[in-house]
Amino acid sequence: MKLSALLSLVAVLVLSLSAAPAGAMSPNEKLIYDVSWTGVKAGTTVQEAVTKGGEIHIVTTTRSMPWLDTFFKVDDRAESVVQRGSGDRFGVPTYFRNKISEGNHRKLKEAHFDQQKLKVESRDLLHKTQRVDDIGPNTFDPLSIVYYVRSLQLTPGKSLHVDIYDCKKLWNTEVKVLNREEIDTPVGRFKTIVVQPVMKADGFFNRSGEIKVWLTDDALKIPVMVTTKVKIGKIKAMLVGGSYWPQSAQR
């Protein structure tokens, strides 16, 4: 099993879905996840969104546990800046940066989005290369997509397709909306909607096996659990803390 897949699993939350209008989301949100393999905690992922004037700044970090650091240390960080839209419109990304440090594996890439020209310029900062690609009017990076899709309608039994640019290629990704389930988590028991991303891209999206995401079945659609099957066992990311419900919606 590739441990980098285990410890960056929560990045699949970029495909979380919502039936709620964008206005239902808290302007500031922090989600903390324990990532485990076959029941053993291997790392922690924190994803946070902060509103600053007309922008939304999104940062996610993944770090391995001390017992794993001795032979495979993970210290990943990705960030996205989104220009806020008007009304119920979420907005569009303007900048994305992705740093991967997993054992001896290193990546450092960034992308600048030009929404008027529908172009994106991406740079590999380690290999000193750059490229320009075409994008569509509804293209997002791997972090901003999570907040965009939470403003869309969601219907069990149907699929949704989203466009994601990952500093290498534009991917049209299918997300299947499966069913509703009630589950227990360290932060409470929730009624959820289960979705299944069908991901084929590199990096964050390079996963083997079936992936499922459990979203709270309410106005906010908080991702509370993610699982994926691997060759040996199962990987699970579980919400364990953070600040995600507005004061008026505290459970």
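Only a predicted model underlies this, so the values are computations on that prediction, with no experimental measurement involved.
Residues W171 and D163 have side chains that never bring a donor and an acceptor to within less than 3.5 angstrom of each other. Defined by atom type and a distance below 3.5 Å, a donor-acceptor pair is missing between the side-chain atoms of S101 and D75. Side-chain contact, S80 with D141: a donor N or O sits under 3.5 Å from an acceptor N or O. Side-chain contact check for T45 and T62: at least one donor-acceptor pair (N or O, by modelled atom type) lies under 3.5 Å.
Under the 4.5 Å side-chain criterion, counting only non-hydrogen atoms from C-beta, K169 is in contact with D166. Contact annotation: the side chain of K109 approaches that of D124 to within less than 4.5 Å [non-hydrogen atoms, C-beta and beyond]. Between R123 and T129, the closest side-chain pair of non-hydrogen atoms is not below 4.5 Å. Taking 4.5 Å as the limit, every side-chain heavy atom of K191 sits out of range of all side-chain heavy atoms of I183. Taking 4.5 Å as the limit, some side-chain heavy atom of F96 sits within range of a side-chain heavy atom of C167. Considering only heavy atoms from C-beta on, L108 comes within 4.5 Å of R97 through its side chain. Within the 4.5 Å cutoff, the side chain of P186 has heavy atoms near those of the M238 side chain. With a 4.5 Å cut-off on side-chain heavy atoms, T60 and L143 count as touching.
In this structure, OG1 on T216 lies 13.0 Å from CE on M225, to the nearest 0.5 angstrom. R84 CZ to K52 NZ: the interatomic distance, rounded to the nearest 0.5 Å, is 13.5 Å. To the nearest 0.5 Å, atoms CZ (R106) and NE2 (H127) are separated by 12.5 Å. Distance NZ/K234 to OG/S36: 10.5 Å, rounded to 0.5 Å. Here Q196 contributes atom CD and L178 contributes atom CG; the two are 5.5 Å apart, rounded to the nearest 0.5 Å.
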Audit row: L215, I222, side chain to side chain contact (heavy atoms under 4.5 Å, CB included) steps and yes/no: CA-CA 5 Å; L215 314 166; I222 300 297; over 6 Å; no

Side chain to side chain contact (heavy atoms under 4.5 Å, CB included) evaluation trace for K41 with V35: CA-CA 6 Å; K41 183 177 177 180; V35 182; over 6 Å; no

Criterion side chain to side chain contact (heavy atoms under 4.5 Å, CB included) on T227 and W214, from CA distance to verdict: CA-CA 9 Å; T227 66; W214 282 255; 3.4 Å; yes

Side chain to side chain contact (heavy atoms under 4.5 Å, CB included) evaluation trace for Y33 with V240: CA-CA 5 Å; Y33 298 88; V240 295; 5.8 Å; no

Test log, rule salt bridge (Lys or Arg N to Asp or Glu O under 4.0 Å), inputs R180 and D217: CA-CA 8 Å; R180 287 179 165 87; D217 190 6; 2.9 Å; yes

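Scanning for side-chain hydrogen bond (donor to acceptor under 3.5 Å, both in side chains) contacts around T61 gives an empty result, with sequence neighbours left out. With sequence neighbours left out, F140 forms a ring pair (Phe, Tyr, Trp, His ring centres under 6.0 Å) with Y148. Residues forming a side-chain hydrogen bond (donor to acceptor under 3.5 Å, both in side chains) with Q83 (at least two apart in sequence, or on another chain): none.
Distance alone, capped at 3.5 Å, is enough to place a donor-acceptor pair between the T185 side chain and the V187 backbone. Side chain of K221 to backbone of D218: a donor-acceptor contact under 3.5 angstrom is found. In terms of modelled atom types and a separation under 3.5 Å, the side chain of T51 and the main chain of I56 share no donor-acceptor contact.
The two residues Q115 and T139 have their closest heavy-atom pair at NE2-O, 4.4 Å. Closest heavy-atom contact between A42 and L68: O-CD2, 3.8 Å. Nearest heavy-atom pair across S122 and D133 is OG-OD2, 4.4 Å. The minimum heavy-atom distance linking Y165 with L170 is given by the pair CD1-N, 3.9 Å. Here the shortest heavy-atom pairing between V74 and D69 reads N-OD1, 4.3 Å. When all heavy atoms of V50 and N28 are compared, the pair lying nearest together is CA-OD1, 3.2 Å.
Partner of I135 under the side chain to side chain contact (heavy atoms under 4.5 Å, CB included) criterion, out of V120, D114, V92: V120 alone.
Around the CG atom of N179, the shell of radius 6.0 Å holds more than 12 heavy atoms that belong to other residues, nucleotides or ligands. Atom NZ of K99 sits in a crowded spot, with more than 12 heavy atoms from other residues, nucleotides or ligands closer than 6.0 Å. Heavy-atom contacts from other residues, nucleotides or ligands closer than 6.0 Å to NE2 of H161 number more than 12.
A continuous path of Ile, Leu, Val, Met, Phe, Trp and Tyr side chains, each step under 4.5 Å between heavy atoms, connects I145 with L160, placing both in one hydrophobic cluster. V194 and L31 end up in the same hydrophobic cluster when Ile, Leu, Val, Met, Phe, Trp and Tyr side chains are linked at under 4.5 Å. Tracing side-chain contacts under 4.5 Å through hydrophobic residues (I, L, V, M, F, W, Y), one never reaches F190 starting from I32; they form parts of separate clusters. Placement of L118 and I164 within a single hydrophobic cluster is found when ILVMFWY residues are connected by side-chain heavy-atom separations under 4.5 Å, directly or transitively. Side-chain heavy atoms closer than 4.5 Å link hydrophobic residues (I, L, V, M, F, W, Y) into clusters, and following such links, possibly through other members, connects V162 to F113.
Using a 4.0 Å cut-off between a side-chain N of Lys or Arg and a carboxylate O of Asp or Glu, K176 and E174 do not qualify as a salt bridge. Electrostatic pairing of K119 and D134 counts as a salt bridge here, judged by a charged N lying under 4.0 Å from a carboxylate O. A salt bridge links E182 and R189; the closest N-O separation between the charged side-chain nitrogens and carboxylate oxygens is under 4.0 Å.
Taking the six-membered ring for Trp and thresholds of 30 and 60 degrees, H112 and Y95 have ring planes inclined between 30 and 60 degrees apart.
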